[in-house]
Amino acid sequence: EVPGLSDITRAEVCVTACADLFLGAGETLASPMGLIPSLGAKLARLTTEPDLLLSDGEAFLLTPESTVEGWLPYRKVFDVVAHGRRHVVMGANQVDRFGNQNISAIGDHARPTRQLLGFRGAPGNTINHRTSYWVPRHSPRVLVEAVDVISGVGYDHAVGPFHDIHRVVTNLAVLDFDTPDHSMRILSVHPGVSIDEVQKQTSFPLTADNVTETRLPTEEELDLLRTKLDPDSKRDKEVPS
Ligand code: F8G
């Protein structure tokens, strides 16, 4: 048996699923929000996508080892948001079957029960760039029949030529919208997860025609992740196995 491959964690599967979001991206600005998507983008840069650009979200472009390799001040990010190649991976308090995302408020809009982050860059991101979502706790509360507020725009409200909701990576599965009406389907379930479990944790019916198993990280990826990118295993705190 290959050393390392027998003790692969769910978090590591999620990181490589996030790395695979960027397959074919080329010279694109990756905007991953949160730890697991960031590790995925760095892993992609070190393996399949050497031209991927990684922003620190403030002023610089960084290598996966955090060496400064470019100047991208905040105002310039807005230029890229308006006109440029970018793939953003956002979080979601709610996401529905057509990929509408809510990070703004929970409950009736006139009297929300919870005020969350606000709309932030979500509307512009989903109008202008390929967008994916990362959901660390796949549950009926997050995968909802209808979002309370639309922050990121889904396929049933799609606007313009650049709208492209690519995938939703969760702690259980990888989902996409490659169906005739762009409703969500299960692309792959993570090792040890059943299609039934994914459906049970989702508030709407999912298409599940050609579901595969999410791939395991390669030895090279595991080594990069464990020794270079996340030696303290912060990933396992976000996604317990
Ligand atoms: C709920 C639910 C739910 C939460 N149902 N209740 C309750 C019922 C929960 C808690 C309480 C709080 C371009 C760009 C930008 C920029 C520029 C440039 C962006 C324009 C940069 C700056 C800017 C947006 C990026 C993300 C978000 C990443 C995450 C979070 C989270 C959790 C969102 C998932 N369903 N949900 N509650 N941002 N963050 O019981 O109740 O509500 O809940 O792109 O910014 O401005 O724009 O969020 O929630 O992508 O992914 O982790 O707020 O932490 O604390 O769980 O406990 O208080 O009673 P959270 P949480 P209580 S792009």
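Counting convention: from 1, in listed order, for ligands and their atoms alike.
- Salt bridge annotation for D230-R235: present, with a cationic side-chain nitrogen under 4.0 angstrom from a carboxylate oxygen.
- We find that R185 and D176 are joined by a salt bridge, their nearest charged nitrogen and carboxylate oxygen being less than 4.0 Å apart.
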Side-chain donor/acceptor pairs under 3.5 Å, residues 67-82, sequence neighbours excluded:
from	atom 1	to	atom 2	distance (Å)
E69	OE1	R45	NH2	3.0
E69	OE2	R45	NH1	2.9
E69	OE2	R45	NH2	3.4

Considering only N or O atoms, set out every pair between ligand 1 and the protein closer than 3.5 Å, with distances to one decimal place.
from	atom 1	to	atom 2	distance (Å)
ligand 1	35 (N)	N93	O	2.9
ligand 1	35 (N)	R141	O	3.1
ligand 1	36 (N)	N93	ND2	3.2
ligand 1	40 (O)	R141	NH1	3.2
ligand 1	40 (O)	R141	NH2	3.4
ligand 1	41 (O)	R114	NE	2.9
ligand 1	44 (O)	R86	NH2	2.9
ligand 1	44 (O)	N125	OD1	3.4
ligand 1	44 (O)	N125	ND2	2.8
ligand 1	46 (O)	R120	NE	2.9
ligand 1	46 (O)	R120	NH2	3.3
ligand 1	47 (O)	G121	N	3.3
ligand 1	48 (O)	N93	ND2	3.4
ligand 1	49 (O)	N93	ND2	3.4
ligand 1	50 (O)	G91	N	2.9
ligand 1	59 (O)	R114	NE	3.2
ligand 1	59 (O)	R114	NH2	2.7

In a table with atom names and distances, give each donor-acceptor pair under 3.5 Å that connects a side chain of residues 17-36 to protein atoms at least two apart or in another chain.
from	atom 1	to	atom 2	distance (Å)
D20	OD1	R215	NH2	3.0
D20	OD2	R215	NE	2.8
T28	OG1	A25	O	2.6
T28	OG1	R85	NH2	3.2
S31	OG	R86	NE	2.8
S31	OG	R86	NH2	3.4

Acceptor/donor pairs from residues 109-118 side chains to any protein atom, 3.5 angstrom cut, sequence neighbours excluded:
from	atom 1	to	atom 2	distance (Å)
T113	OG1	I106	O	3.1
Q115	NE2	S104	O	2.9

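- Ring centers of H163 and Y155: under 6.0 Å apart, within the cut-off.
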